[in-house]
Amino acid sequence: MASSKVYLFDEIAKHNKTKDCWLIISGKVYDVTSFMDDHPGGDEVLLSSTGKDATNDFEDVGHSDDAREMMEKYVIGEVDATTVPTKRLYVGRGLGGANPKDDKQGALIKILQLLVPLLILGLALVVRTYTKKE
């Protein structure tokens with residue numbers, strides 16, 4: 001590791017631009033600014049992982065061993081784990097986080113998804129009945 005400096009989360013989170021980009025992965029802090037143009041997924045992928053612990057983002061992609069080795073040259077220190085915010089839990093629809101108006105719209109869409117095909121089928125049967133030659 002290039003340095004054993006310990007950074008606070010708030011300090012790391014400020015580095016969230018193309019010309020100044022730091023990431024937290026597995027407790028280590030990486031300055032990936034010079035890698036932004038070379039990243040195969042583009043700089044947007046790296047920027048979307050700033051301001052949080054990007055470990056899951058990194059692991060979900062399934063990086064190669066070569067990519068993991070390459071990372072070592074970007075390490076600038078470690079994050080003080082006590083300063084990293086706890087993960088926010090997802091609050092799904094109907095669990096207190098959803099707008100009741102959204103639930104009504106969702107029900108309307110489900111009804112329309114059922115009725116529209118039935119109306120088309122009914123119209124096709126009516127047309128067939130009246131155009132059928134005997």
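- The hydrophobic cluster around Val116 extends to Ile120, counting ILVMFWY residues whose side-chain heavy atoms fall within less than 4.5 Å of a member.
- The hydrophobic clustering, which links ILVMFWY residues whose side-chain heavy atoms are closer than 4.5 Å, places Ile25 and Met70 together.
- By the 4.5 Å heavy-atom criterion applied to side chains, Val29 and Tyr7 are counted as neighbours.
- Between Asp66 and Ser64, the side chains place no donor N or O within less than 3.5 Å of an acceptor N or O (distance only, hydrogens not considered).
- A 4.5 Å side-chain heavy-atom check between Met36 and Leu46 finds at least one atom pair inside the cut-off.
- Proximity of Thr18 to Leu47: side-chain heavy atoms (C-beta onward) are separated by under 4.5 Å at one or more points.
- A 4.5 Å side-chain heavy-atom check between Val6 and Val79 finds every atom pair outside the cut-off.
- Looking only at side-chain heavy atoms (C-beta outward), Lys28 and Tyr30 come within less than 4.5 Å of each other.
- Counting non-hydrogen atoms of neighbouring residues, nucleotides and ligands closer than 6.0 angstrom, the CG atom of Asp65 reaches no more than 12 such neighbours.
- Atoms CE and CG, on Met71 and Leu23 in that order, are 8.5 Å from each other to the nearest 0.5 Å.
- A distance of 7.5 Å separates CG in Leu8 from CD1 in Ile12, rounded to the nearest 0.5 Å.
- For the pair Thr55 (side chain) and Ser26 (backbone), a donor-acceptor distance under 3.5 Å is present.
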Should Lys52 and Asp57 be marked as a salt bridge (charged side-chain N to carboxylate O under 4.0 Å, His left out) after you check the CA-CA gap, both sets of side-chain angles, and the distance that decides it? CA-CA 10 Å; Lys52 63 179 181 177; Asp57 294 346; 2.9 Å; yes
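- Panel note: side chain Thr83, backbone Phe9; a donor-acceptor pair is recorded below 3.5 Å.
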Apply side-chain contact (heavy atoms from CB on, under 4.5 Å) to the pair Leu108 and Leu112, showing each step before the final yes or no. CA-CA 6 Å; Leu108 178 63; Leu112 287 175; 4.3 Å; yes
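- The number of heavy atoms from other shown groups lying within 6.0 Å of CG (Asp37) does not exceed 12.
- In this structure, Trp22 and Ile76 have side chains that are in contact, with non-hydrogen atoms separated by less than 4.5 Å.
- Taking CG from Asp80 and NZ from Lys5, the interatomic distance works out to 12.5 Å, rounded to the nearest 0.5 Å.
- Nearest heavy atoms, Thr131 versus Val127: OG1-O, 2.6 Å.
- Annotation for Ile24 and Asp53: closest pair O-OD1, 3.5 Å, computed over non-hydrogen atoms.
- At distances below 3.5 Å, at least one donor-acceptor pair connects side-chain atoms of His63 with backbone N or O atoms of Phe58.
- Residues His39 and Val45 are in side-chain contact: their nearest non-hydrogen atoms beyond the backbone lie under 4.5 Å apart.
- Nearest heavy-atom pair, Gly51 versus Ala13, reported as atom, atom and distance to 0.1 Å: CA-CB, 4.0 Å.
- Each of Asp31, Asn16, Thr33, Asp43 was evaluated against Cys21; a single residue qualifies, Thr33, per the side chain to side chain contact (heavy atoms under 4.5 Å, CB included) test.
- With sequence neighbours excluded, the residues forming a ring pair (Phe, Tyr, Trp, His ring centres under 6.0 Å) with Tyr74 are Phe35, listed by chain and number.
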